[in-house]
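Scroll down for the structure; my scribbles are underneath it.
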Amino acid sequence: QGKPIGQEIHAPDEQLTRCKGYDHNFCLNSADWCAEACDPTSGRVLRVQTSLPGVQLYCGNFLTAPFVRHQGFCLETQAWPDAPNQAWRAQCILAQGTEYAAHTCFEFTVK
């Protein structure tokens, strides 16, 4: 169920308080479409698809003038933040001479 990104950004939650807003990694189960953001006023839609195992939602928690804190957001496809420290997730470590390939698609449409 979708909801406005900023709806709970100031909720009394330890993770939100420590990060001053959203800076959260979502662990994905497949390389399907993993995130969607839409603006109900303009009808603009952003959808994200990736072959990577995670997508990070960050909302400009530490922006300062001339920018405005929480004025925007980004969806960053990536390995899980703690992956190098987990033996079963070591696939994010790239050895010298090894090729790396990943797929991320950002689709922009208007409803």
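Contact of the T50 side chain with the V55 side chain is not registered, since no non-hydrogen atoms from C-beta on lie closer than 4.5 Å. Looking only at side-chain heavy atoms (C-beta outward), Y58 and C19 stay at 4.5 Å or farther from each other. No side-chain heavy atom of Y22 sits under 4.5 Å from any side-chain heavy atom of H70.
Separating the CG atom in L75 from the CZ atom in R47 is a distance of 13.0 Å, to the nearest 0.5 Å. Note that SG of C34 and CG of N29 are 11.0 Å apart. Values are rounded to the nearest 0.5 Å. Here K20 contributes atom NZ and I9 contributes atom CD1; the two are 12.5 Å apart, rounded to the nearest 0.5 Å. Taking SG from C59 and CD from Q71, the interatomic distance works out to 12.0 Å, rounded to the nearest 0.5 Å. Once rounded to the nearest 0.5 Å, the distance linking CZ of F73 with CD1 of I5 reads 4.0 Å. Between the CD atom in E76 and the CG atom in L52 there is a gap of 12.0 Å [rounded to 0.5 Å].
Environment of CZ in R69: crowded, with over 12 heavy atoms of neighbouring residues, nucleotides or ligands closer than 6.0 Å. For Q7, the CD atom is densely surrounded, since the number of other residues' heavy atoms within 6.0 Å is greater than 12.
Of all non-hydrogen atoms in P53 and A79, the two that sit nearest each other are CG-CA, 3.9 Å. Nearest heavy atoms, V110 versus S42: CG1-O, 4.0 Å.
In this structure, W80 contributes its side chain and N25 its backbone to no donor-acceptor pair below 3.5 Å.
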For this session: Report the C-alpha separation of L16 and H24 in whole Å, then their side-chain angles, then the decisive distance to 0.1 Å, and conclude whether the side chain to side chain contact (heavy atoms under 4.5 Å, CB included) test is met.
Result: CA-CA 9 Å; L16 292 171; H24 292 68; 3.8 Å; yes
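Residues W33 and F106 fall into different hydrophobic clusters, defined by Ile, Leu, Val, Met, Phe, Trp and Tyr side chains chained together at heavy-atom separations under 4.5 Å.
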